[in-house]
Amino acid sequence: MSTQQQLQQQEKSNWSILLGAAFLMATSAIGPGFLTQTTVFTEQLAASFGFVILVSILLDIGAQTNIWRILVVAEKRAQDIANLVFPGLGYVLAVLIVLGGIAFNIGNIGGAGLGANVIFGIDPVMGAIISAVIAVAIFLVKEAGLLMDKFTQLMGFVMIGLTLFVVFKASPPVGEAVIKTFAPDTIDLLAIVTLVGGTVGGYITFAGGHRLLDAGIKGVGAVPQVTKSSVSAIGIASIMRIFLFLAALGVVAQGLPINPENPPASVFQLAAGDIGYRLFGVVMWAAAITSVVGAAYTSVSFIRTFHPTIAKYDKSIIVAFILLSTVIFITIGKPVKMLILAGALNGLILPVALTVMLIAAYKKSIVGEYRHPIWMTAAGVIVVVLMAFMGGYTLINQLPTLFK
């Protein structure tokens, strides 16, 4: 094989890894909470929810491009960078991430069970158990990382394609959605914080970044590729968000009542009848199972560097993480309001994690001679300030109303 052929093969392999990381992050974000939050807020805000999506996309890009770039340049995982910035902070961050990952994964397992119930008519608990077994199997194969990449890509395309079909069936007022995206009737801070928290909050933004490090994509030379991959990940998640918003908007515009017990299923069924309901089952299962995989992988990646034993048995710990989430779901469950709460609380983790990354970007002991662009730092600071303010505001004023 010639040198040129080797370079082409290496470039193709790198692109596959970059795409895999993008889909891992995106499908980690697109879980049961993502489907529920988008539907609930569309019902509340109608076409004005487009503005919330637009703002959240801008904040998502500002956060993720900073975090992925700094991870790759430092060639270290987030918890290790945090410990270098302030001793002990990495352990605190890891605890927050793991707890948030478990909270989300309980909902993810439940969503997989619900999806299996809709598709095959089996008991949701049995569906959750079967789905958990499938997720565990992915991590038991030798090339777990490669299989995880391919699986999340396939499920990502399935979700987007089926949701687009429902959009056409729902016939949403697209013109009104476009207008209200830039001139909303109302601005809902809780919705913005929840969407950002559900897309790049908690463990989610680190899913792809840590996957790149595990695959050997690191160093200053990888920055251009990593930047494209990080923006692509937000793009994939945002396309799904927009399609789901339009589908729900079409139903809301027709004045049809959405079932509060299962908002996204109601949208699919009202828009496309029984076929739509079955399609919802497929979308829900795909969204949930990929999020189970992403949450387990990323949460464990936050503790694997703390001790050689954890690194040695990381696959076993990932399996235990999935099984623990499944047991908690079977015994406790995961209601709609808790999914919204988890997204909002994850948004509060983002300002802390991003602040740590931005400080690290200016420490030579961490990034060497790399110089972080001023405009990226400014964008990151804006995200930190806005998310800290909006997160604090919603925590004090709006989250308590969810449980009245």
Please tabulate, one pair per line, all N/O donor-acceptor pairs under 3.5 Å involving side-chain atoms of residues 267-287, not counting sequence neighbours.
| residue | atom | partner | partner atom | Å |
| --- | --- | --- | --- | --- |
| Arg278 | NH1 | Val118 | O | 2.4 |
| Trp285 | NE1 | Ser131 | OG | 2.8 |

- Query: Should we say atom NZ of Lys315 is surrounded by more than 12 heavy atoms from elsewhere, each under 6.0 Å from it?
  - Reply: yes

- Query: side-chain contact (heavy atoms from CB on, under 4.5 Å) between Met159 and Thr27: does it pass, once the steps are laid out?
  - Reply: CA-CA 9 Å; Met159 286 187 286; Thr27 54; 3.9 Å; yes

- Might you point out which heavy atoms bring Ile258 and Ser266 nearest each other, and give the distance in Å? CA-OG, 3.5 Å

- Message: Restricting to side chain to side chain donor-acceptor pair (under 3.5 Å), what partner residues turn up for Ser301, sequence neighbours left out?
- Response: His210

- Query: When the ring planes of Phe306 and Tyr91 are compared, do they come out parallel, tilted or perpendicular, using 30° and 60° as the limits?
  - Reply: tilted

- Do Ile217 and Leu18 have side chains that get closer than 4.5 Å, going by heavy atoms? yes

- Intermediate values then yes/no, side-chain contact (heavy atoms from CB on, under 4.5 Å), Leu35 and Met240: CA-CA 9 Å; Leu35 302 179; Met240 183 63 183; 4.1 Å; yes

- Item | Validation row: Phe49, Thr38 side chains within 4.5 angstrom (heavy atoms) | yes

- Euclidean distance, Leu246 CG relative to Ser171 OG, rounded to 0.5 Å: 11.0 Å

- Message: Less than 4.0 angstrom from a charged side-chain N to a carboxylate O is my criterion; do Asp214 and Arg304 meet it?
- Response: yes

- Ile130 side chain reached by Ile122 side chain, heavy atoms, under 4.5 Å: yes

For residues 364-371, tabulate all N or O donor-acceptor pairs below 3.5 Å that involve a side-chain atom, not counting sequence neighbours.
| residue | atom | partner | partner atom | Å |
| --- | --- | --- | --- | --- |
| Tyr370 | OH | Arg69 | NH1 | 3.4 |
| Tyr370 | OH | His372 | ND1 | 2.7 |

- Item | Residues Lys218, Leu212; criterion side-chain contact (heavy atoms from CB on, under 4.5 Å); working and verdict | CA-CA 7 Å; Lys218 52 191 174 182; Leu212 292 175; over 6 Å; no

- Gap separating the CD atom of Gln64 from the OG atom of Ser232, nearest 0.5 angstrom: 10.0 Å

- Note on the structure: On a heavy-atom basis, the closest approach of Ala22 and Ala233 is O-CB, 3.4 Å

- Message: I want to check something: taking the side chain as every heavy atom from C-beta on, are Arg241 and Ile57 in contact at a cut-off of under 4.5 Å?
- Response: no

- With side chains defined as the heavy atoms from C-beta onward, is the minimum distance between Thr199 and Leu59 less than 4.5 Å? no

- To the nearest 0.5 Å, atom CG of Leu324 lies from atom CZ of Phe329 at 14.0 Å

- Which pair of non-hydrogen atoms, one from Val196 and one from Leu350, has the smallest distance, and what is that distance? CG1-CD2, 3.6 Å

- Query: What closest approach, in Å, do Ala170 and Gln254 show between heavy atoms, and which atom pair accounts for it?
  - Reply: O-NE2, 3.1 Å

- Please tell me if the side chains of Leu89 and Val356 come closer than 4.5 Å, counting only heavy atoms from C-beta onward. yes

- Side-chain contact, heavy-atom cut-off 4.5 Å: Phe206 with Leu71? yes

- Task: May I ask you to check whether Asn108 and Asn105 show a side-chain donor-acceptor distance below 3.5 Å?
- Result: yes

- Message: Counting only heavy atoms from other residues, nucleotides and ligands, does the tally under 6.0 Å from OH of Tyr362 exceed 12?
- Response: yes

- Message: Looking at every non-hydrogen atom in both residues, tell me the closest pair between Ala177 and Leu249 and how far apart they are.
- Response: CB-CD2, 3.8 Å

- At what distance, to the nearest 0.5 angstrom, does CH2 of Trp68 lie from OG1 of Thr205? 7.0 Å

- Item | With Thr181, the side-chain contact (heavy atoms from CB on, under 4.5 Å) member among Ile242, Val52, Ile53, Leu54 | Leu54

- Between CG of Leu164 and CG of Leu244, what distance do you get to the nearest 0.5 Å? 12.0 Å

- With a 4.5 Å limit on heavy-atom distance, are the side chains of Thr326 and Val292 in contact? no

- Return the minimal non-hydrogen interatomic distance between Phe34 and Ala29, and the atom names on each side. CB-O, 3.2 Å

- Rounded to the nearest 0.5 Å, how far apart are OG1 of Thr227 and CE of Met376? 6.0 Å

